Amino acid sequence: MIGITSYGAYIPRLRLDRMAIFQAMGWFAPAIIMVAQGERSMCNHDEDALTMAVAAARDCLTGKDKRQIDGSYLCSTTLPFADRQNAGILKTALNLRDAMITADFTSSLRAGTTGLLTALEVVQGGSRKNILVTAADKRETRPAYFYEMWFGDGAAAMLVGTEDVIAEFKGSYTVSYDFVDHYRGAGKTYDYMWEERWVREEAYSKFIPEAVGGLMKKIGITMDDVQKVVFPCLFKAEHKAIAKMLGASPEKVIDTMHEVCGETGAAHPLLMLTAALEQAKPGDGILLAGFGQGCDALYFKATEAIAKLAPRSGVKGSLANKKTIDNYMKFLKFRNLIDPEMGIRAEAPTQTAMTVLWRKRKMLTGLVGGRCRDCGTPQFPKMDICVNPKCGHVNTQDDYEFADVPARIKTFTGDLLAVSVDPPTTYGMIQFEGGGRFMADFTDCELADCKVGLPLKMAFRRRFTDSERGFAGYFWKAVPQPGAAIALPEIRFDGRVAIVTGAGAGLGRSYALELAKRGAKVVVNDYGGPRDGAGKGSSTPADKVVEEIRAAGGEAVANYDNVATPEGGEKIVQAAVQAFGGVDILINNAGILRDKSFLKMDPENWQAVLAVHLNGAYNVTRPAFGAMREKGYGRIVMTTSAAGLYGNFGQTNYSSAKMGLVGFMNTLKIEGAKYNIKVNTIAPMAASRLTEDVMPPDMFQQLKPDFVAGIVLYLASENCTETGEIVNAGAGFFSRAAIMTGQGMTIGGGKQIPTPEEIRDQWTEIDSLEGARTISDANTAIMSFLTPPAPTQAAGAAGTTGKPADAAAAAGGVPDVKGIFAKMPEAFNAAAAAGKNVVFQFSISGPGGGDWVVTVKDGTCKIETGTTEKPTTTIKMADADFLQLIAGKLDGMQAYSSGKLKVEGDIMKSQLIGKLFTFGK
Ligand code: NAD
């Protein structure tokens with residue numbers, strides 16, 4: 001039996017929303033709105049017909065023995081090389097054997113079916129056994145053209161052979177005509193199209209029925225023998241009409257994928273055939289017609305083996321793996337149809353040494369490394385000496401193919417400085433299962449989705465284009481797997497002990513249930529009082545939740561203590577220690593409400609709310625923090641509220657308590673840092689007893705507490721390395737809230753007392769949040785006072801900041817570090833030094849650096865080179881950074897927080913520097 005033994009497909013992950021083309025170009029070509037529905041597939045910037053062909057062929061070879069293949073045909077009208085056999089590159093990329101025939105089929109949309117037919121006939125003739133036929137196309141059109149909407153990029157592959165045939169070849173019929181519906185002149189980028197109506201009427205609706213009719217007559221079948229009819233046709237209405245003409249009922253006709261992909265040129269008949277084979281049952285008759293300067297018609301019959309084919313991506317998988325974009329400019333740039341400035345880094349020479357390419361072809365094109373025959377260690381690249389330090393044997397390396405070995409991200413970065421068509425350039429170290437690693441470019445991914453440990457697949461991609469010489473360079477890139485984040489280990493809490501306060505209802509209940517489900521032992525605390533916290537408590541809410549947890553197979557104990565008292569807090573923590581031996585996680589969640597407009601907010605209502613929310617968190621956290629510190633591990637989650645962060649009428653008590661919790665977190669995060677205790681805060685939004693009278697009922701359903709549990713569990717997990725963050729969460733929405741600090745300015749050079757008038761005159765700048773940033777702690781904030789950033793031009797011109805923009809002028813006209821210290825006596829403000837007694841050690845690294853000791857005592861200043869044993873404060877910086885800092889070009893706070901500026905000893909004393917010395921006067 002002869003026929004198709006396997007199939008594969010590849011549609012690029014990117015899809016362009018057709019409406020994006022209209023939105024960008026509708027002003028110019030309003031008529032394109034008529035075809036602006038659905039989406040078309042589009043190559044990434046590093047994809048072309050050859051890379052897509054490699055991907056489809058790899059899909060097709062799933063579970064097949066590559067060594068049995070003795071021919072490979074590549075069919076396309078958009079091959080990267082006009083004279084260098086593209087099928088030969090494909091063969092090398094796939095690591096197929098050398099003793100085989102390779103050929104390119106091109107110059108017609110019919111190339112795909114003609115390649116397939118030729119392969120079937122060659123196998124039929126008996127001279128070859130297994131031929132791989134791959135078709136791919138990436139066609140260009142001018143912008144704002146119907147065809148730009150209709151075309152898509154894609155590839156498909158068929159393996160033809162005699163064993164394990166899944167669709168037996170029954171016969172073919174071809175008509176060839178020199179009919180010019182469109183053409184592409186040699187060396188031209190775009191097709192020239194003739195009038196559609198003529199093409200529809202004279203070609204499509206004549207050639208396809210002629211070839212199909214000829215085939216049916218030749219092999220004696222009728223449409224009753226056919227279950228799947230496959231033929232591409234650009235024109236929707238014509239496609240329907242031709243099917244009718246052939247007598248094919250609509251359910252037999254395979255979808256052209258117009259809405260989801262577009263027409264992929266020479267690949268399209270095979271791509272649609274792949275879709276047909278995916279759906280076919282044993283015994284189904286499949287009719288395939290490929291149009292283009294005539295028409296090829298082929299007939300197949302699916303066999304029992306079709307049900308046993310190994311799973312693969314195919315058309316289904318390719319269509320499912322998609323990212324739709326609406327950025328038409330990206331589409332144009334990725335296809336090199338616009339030519340934006342790429343910067344001088346893009347001018348790096350790209351000439352390829354053909355000698356090296358030949359010698360290293362297996363490594364570069366085939367991703368073949370080595371594996372040591374003696375110890376089994378794989379390595380890339382292959383070398384004479386085994387990398388395993390325990391082995392180190394020489395000349396023991398066998399070829400080892402890495403392309404299909406599972407790999408994971410070991411490190412990664414997003415580089416905005418590297419030249420890239422799609423910044424940031426993302427790359428990193430990838431680690432192969434079983435050994436071997438190298439630095440690889442990442443593709444088909446977003447930086448935000450990359451994670452250490454994420455599984456990867458390797459993809460053959462264009463690495464560079466040498467447009468001067470017309471050469472395309474290829475190598476392998478890493479593709480983080482879509483949805484692979486799910487493959488990362490589940491977040492679990494086995495062996496962890498968690499306390500959730502106020503866990504008898506609402507949000508707390510949801511956290512407790514979810515923590516227990518994931519293995520935590522939970523103390524379910526709830527006082528059980530009414531919404532305003534007045535009156536007696538009840539054990540029912542906590543007991544019910546504990547029952548629920550136990551019924552689901554989890555571990556939990558109930559606690560009914562009141563968080564509002566220190567004794568209550570102690571007892572809650574004791575409950576965790578007694579029942580489970582310690583505490584790892586604390587969720588401060590208990591809460592009440594007593595809303596009143598401010599003048600009605602009497603002390604009782606004020607105190608009651610602060611007692612539960614703010615004091616409550618303190619009361620439980622203090623004993624819990626002690627237990628966590630001993631263990632060297634802890635996760636604490638505070639609960640703030642939008643009312644605290646942003647304000648809400650009638651909630652002065654609640655807002656104050658909730659914002660107090662943010663301050664509590666800010667300091668506790670610092671004190672917990674060295675014990676691996678992370679403290680974070682959430683600002684939830686959920687339907688509960690607290691919000692039932694303020695939310696409409698339909699919103700209530702949408703705002704189930706379960707939507708918030710995920711973030712709380714993440715912040716409570718080992719995976720969480722963040723500390724000091726505030727996260728808004730509700731209805732599946734998450735965002736960070738933060739206290740930001742503006743760039744600010746210094747008035748009067750830090751020497752003269754600023755007047756209210758000066759404040760008024762500079763208010764716009766003081767008030768501005770342009771360039772605002774978060775500040776990690778109070779010391780860092782002090783550094784930002786000490787060395788505020790360079791002023792804006794206006795302020796500099798006004799001369800009010802004491803920090804003129806020009807570096808040399810700012811440093812007193814001194815361009816080097818030595819000069820700065822030489823000028824220090826002049827910059828010294830004796831008046832500011834009265835009563836100050838401090839020794840600064842400056843250690844400035846780098847060629848222009850050195851050590852200086854600045855002693856300020858009794859209103860005098862002494863500058864010496866060298867070091868001193870007991871400085872009050874040591875300042876460490878690199879020479880270039882120091883010059884920038886003095887020039888006001890480097891923000892002191894940023895330098896400090898980024899590690900460029902290190903301050904040791906008495907950090908607070910470092911703020912004196914700005915007062916004691918004024919440069920740039
Ligand atoms: P909820 O009333 O359903 O749950 C709060 C639980 O805390 C109740 O079961 C209550 O019995 C318990 N509790 C009250 N005082 C206590 C005390 N002194 N000791 C122990 N337990 C006590 O309310 P919820 O909406 O789930 O609120 C949970 C937390 O989230 C609160 O801190 C609340 O301020 C905060 N919050 C909620 C929302 C929201 O939209 N629901 C918005 C912002 C903040």
Side-chain angles (χ1 to χ4, degrees), residues 499-513 523-546 558-573 575 586-595 607-620 637-648 651 653-662 664 681-696 699-700 702-709 711-712 726-731 733 737:
I499 296 173
V500 184
T501 69
L507 289 159
R509 172 180 165 272
S510 177
Y511 308 155
L513 291 175
V523 174
V524 177
N525 158 266
D526 206 293
Y527 180 65
R531 187 171 112 142
D532 64 1
K536 282 180 83 178
S538 152
S539 59
T540 317
D543 285 343
K544 270 191 164 172
V545 174
V546 169
N559 171 282
Y560 323 112
D561 285 298
N562 185 347
V563 297
T565 65
E567 306 76 55
E570 289 280 356
K571 281 193 192 160
I572 295 167
V573 176
L586 169 61
I587 320 269
N588 285 310
N589 167 77
I592 59 165
L593 277 186
R594 290 194 183 191
D595 295 358
Q607 296 293 357
V609 165
L610 263 87
V612 174
H613 290 275
L614 186 57
N615 298 353
Y618 159 78
N619 291 333
V620 191
V637 182
M638 307 283 185
T639 308
T640 185
S641 160
L645 295 175
Y646 315 115
N648 197 25
Q651 293 195 315
N653 53 354
Y654 184 68
S655 312
S656 309
K658 287 304 195 189
M659 208 50 189
L661 287 163
V662 173
F664 183 9
T681 299
I682 58 143
M685 174 69 77
S688 75
R689 180 173 77 162
L690 291 190
T691 48
E692 62 194 351
D693 52 359
V694 291
M695 276 177 199
M699 270 181 82
F700 226 63
Q702 219 185 323
L703 284 166
K704 279 200 299 197
D706 297 354
F707 281 107
V708 180
I711 179 74
V712 172
I726 308 165
V727 189
N728 288 302
F733 171 83

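Since the model is a prediction, treat every value here as computed from it, not as a measurement. Every number for a ligand or one of its atoms is a count from 1 in the order of the listing.
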Participant: Could you tell me, atom by atom, which parts of ligand 1 come under 4.0 Å of a heavy atom of N525?
Facilitator: 20 (C), 21 (N)
Participant: Give a yes/no on ligand 1: does Y560 have at least one heavy atom closer than 4.0 angstrom to it?
Facilitator: no
Participant: What residue and heavy atom of the protein are closest to atom 18 (N) of ligand 1, and at what distance?
Facilitator: N562 OD1, 2.7 Å
Participant: Filter on salt bridge (charged side-chain N to carboxylate O under 4.0 Å, His left out), then keep only pairs touching residues 529-544, sequence neighbours left out; what's left?
Facilitator: R531-D693
Participant: Could you tell me which atoms of ligand 1, counted from 1 in the order shown, lie closer than 4.0 angstrom to a heavy atom of G506?
Facilitator: 3 (O), 26 (O)
Participant: Any atom of ligand 1 sitting under 4.0 Å from a heavy atom of K658?
Facilitator: yes
Participant: So is D561 in contact with ligand 1, going by heavy-atom distances below 4.0 Å?
Facilitator: yes
Participant: What I want to know is whether Y527 and ligand 1 share at least one N or O pair that is separated by under 3.5 angstrom.
Facilitator: yes
Participant: Write out the residue and atom name of the closest protein heavy atom to atom 4 (O) of ligand 1, then the distance separating them to 0.1 Å.
Facilitator: A505 O, 4.1 Å
Participant: Under a plain distance cut-off of 3.5 Å, with no hydrogens placed, do N588 and T501 share a side-chain donor-acceptor pair?
Facilitator: no
Participant: Drop me the distance from S510's OG to K704's NZ, to the nearest 0.5 angstrom.
Facilitator: 9.5 Å
Participant: Does a side-chain heavy-atom distance below 4.5 Å link V609 with L593?
Facilitator: no
Participant: Give me the atom names and distance for the closest heavy-atom approach of V545 to A503.
Facilitator: CG2-O, 3.4 Å
Participant: Are N559 and V524 packed together at the side-chain level, in the sense that at least one heavy-atom pair is separated by less than 4.5 angstrom?
Facilitator: no
Participant: Taking only heavy atoms of Y654 into account, list the atoms of ligand 1 that are under 4.0 Å away from them.
Facilitator: 33 (C), 34 (O), 35 (C), 36 (N), 43 (C), 44 (C)
Participant: Starting from atom 19 (N) of ligand 1, locate the nearest protein heavy atom and write down its residue, its atom name and how far away it is, to 0.1 Å.
Facilitator: V563 N, 3.2 Å
Participant: Does the H613 side chain pair with the main chain of I592, one donor and one acceptor, at a distance under 3.5 Å?
Facilitator: yes
Participant: Among protein heavy atoms, which lies nearest atom 25 (O) of ligand 1, and at what distance?
Facilitator: S688 OG, 2.4 Å
Participant: Tell me, which protein residue and heavy-atom name are nearest atom 14 (C) of ligand 1, and how many Å apart are they?
Facilitator: G591 O, 3.3 Å
Participant: Might you work through the side chain to side chain contact (heavy atoms under 4.5 Å, CB included) test for V662 and I726, ending with a clear yes or no?
Facilitator: CA-CA 8 Å; V662 173; I726 308 165; 3.8 Å; yes
Participant: Atoms of ligand 1 less than 4.0 Å from T639 heavy atoms?
Facilitator: 29 (C), 30 (O), 32 (O), 35 (C)
Participant: Going by side chain to side chain contact (heavy atoms under 4.5 Å, CB included), V563 matches just one of N615, V612, N619. Which one?
Facilitator: V612
Participant: When you measure from atom 7 (O) of ligand 1 to each heavy atom in P541, S641, G502, which option holds the nearest one?
Facilitator: G502
Participant: Start with the C-alpha gap between Y560 and D526, add the side-chain angles, then the distance that decides, and say whether side chain to side chain contact (heavy atoms under 4.5 Å, CB included) holds.
Facilitator: CA-CA 5 Å; Y560 323 112; D526 206 293; over 6 Å; no
Participant: Taking V500 as the fixed residue, which of V637, I572, I587 is the one that meets the side chain to side chain contact (heavy atoms under 4.5 Å, CB included) rule?
Facilitator: I587
Participant: Can you list the ligand 1 atoms lying under 4.0 Å from a non-hydrogen atom of G528?
Facilitator: 11 (O)
Participant: Using a 4.0 Å heavy-atom cut-off, which part of T691 comes near ligand 1: side chain, backbone, both, or neither?
Facilitator: side chain
Participant: As an exercise, identify every atom of ligand 1 less than 4.0 angstrom from a heavy atom of M685.
Facilitator: 40 (O)
Participant: Looking at ligand 1, does any of its N/O atoms fall within less than 3.5 Å of an N/O of A642?
Facilitator: no
Participant: Looking at T639, is its backbone amide N or carbonyl O close enough to the side chain of K658 to form a donor-acceptor pair, meaning the two atoms are under 3.5 Å apart?
Facilitator: yes
Participant: Roughly how far, to the nearest 0.5 Å, is the CG atom of D595 from the OH atom of Y654?
Facilitator: 9.0 Å
Participant: For atom 22 (C) of ligand 1, which protein heavy atom lies nearest, and how many Å away is it?
Facilitator: A590 CB, 3.6 Å
Participant: Of all the heavy atoms in P684, does at least one lie under 4.0 Å from an atom in ligand 1?
Facilitator: yes
Participant: What is the closest protein heavy atom to atom 23 (O) of ligand 1, and at what distance does it sit?
Facilitator: L690 CG, 3.2 Å
Participant: So, taking the atom named CD1 in I682 and the one named CG in L661, what distance separates them when rounded to the nearest 0.5 Å?
Facilitator: 11.5 Å
Participant: Classify the contact between R531 and ligand 1 as side chain, backbone, both or neither, using a heavy-atom distance cut-off of under 4.0 Å.
Facilitator: neither
Participant: If you look at every heavy atom in A683 and A642, which pair is closest and at what distance?
Facilitator: CB-N, 4.5 Å
Participant: Is ligand 1 less than 4.0 angstrom away from at least one heavy atom of T640?
Facilitator: yes
Participant: List every atom of ligand 1 that sits less than 4.0 Å from any heavy atom of N589, numbering the atoms from 1 in the order shown and giving each element.
Facilitator: 28 (C), 29 (C), 30 (O), 31 (C), 32 (O)
Participant: Below 3.5 Å, N or O to N or O, backbone or side chain included: is there any such pair between D526 and ligand 1?
Facilitator: yes
Participant: Of the backbone atoms (N, CA, C, O) and the side-chain heavy atoms from C-beta on, which set of L593 has a member under 4.0 Å from an atom of ligand 1: side chain, backbone, both, or neither?
Facilitator: neither
Participant: Using distance alone, decide if ligand 1 has a nitrogen or oxygen within less than 3.5 Å of any nitrogen or oxygen in A686.
Facilitator: yes
Participant: Provide the number and element of each atom of ligand 1 under 4.0 Å from a heavy atom of I592.
Facilitator: 14 (C), 15 (N)
Participant: Between the main-chain N or O of A558 and the side-chain N or O of N525, is there a donor-acceptor pair closer than 3.5 Å?
Facilitator: no
Participant: Side chains of N728 and M685, heavy atoms from C-beta outward: is any pair under 4.5 Å?
Facilitator: no
Participant: Heavy atom under 4.0 Å from ligand 1: found in T501's side chain, backbone, both, or neither?
Facilitator: neither
Participant: Taking N or O atoms only and a 3.5 Å limit, does L507 qualify as a polar contact for ligand 1?
Facilitator: yes
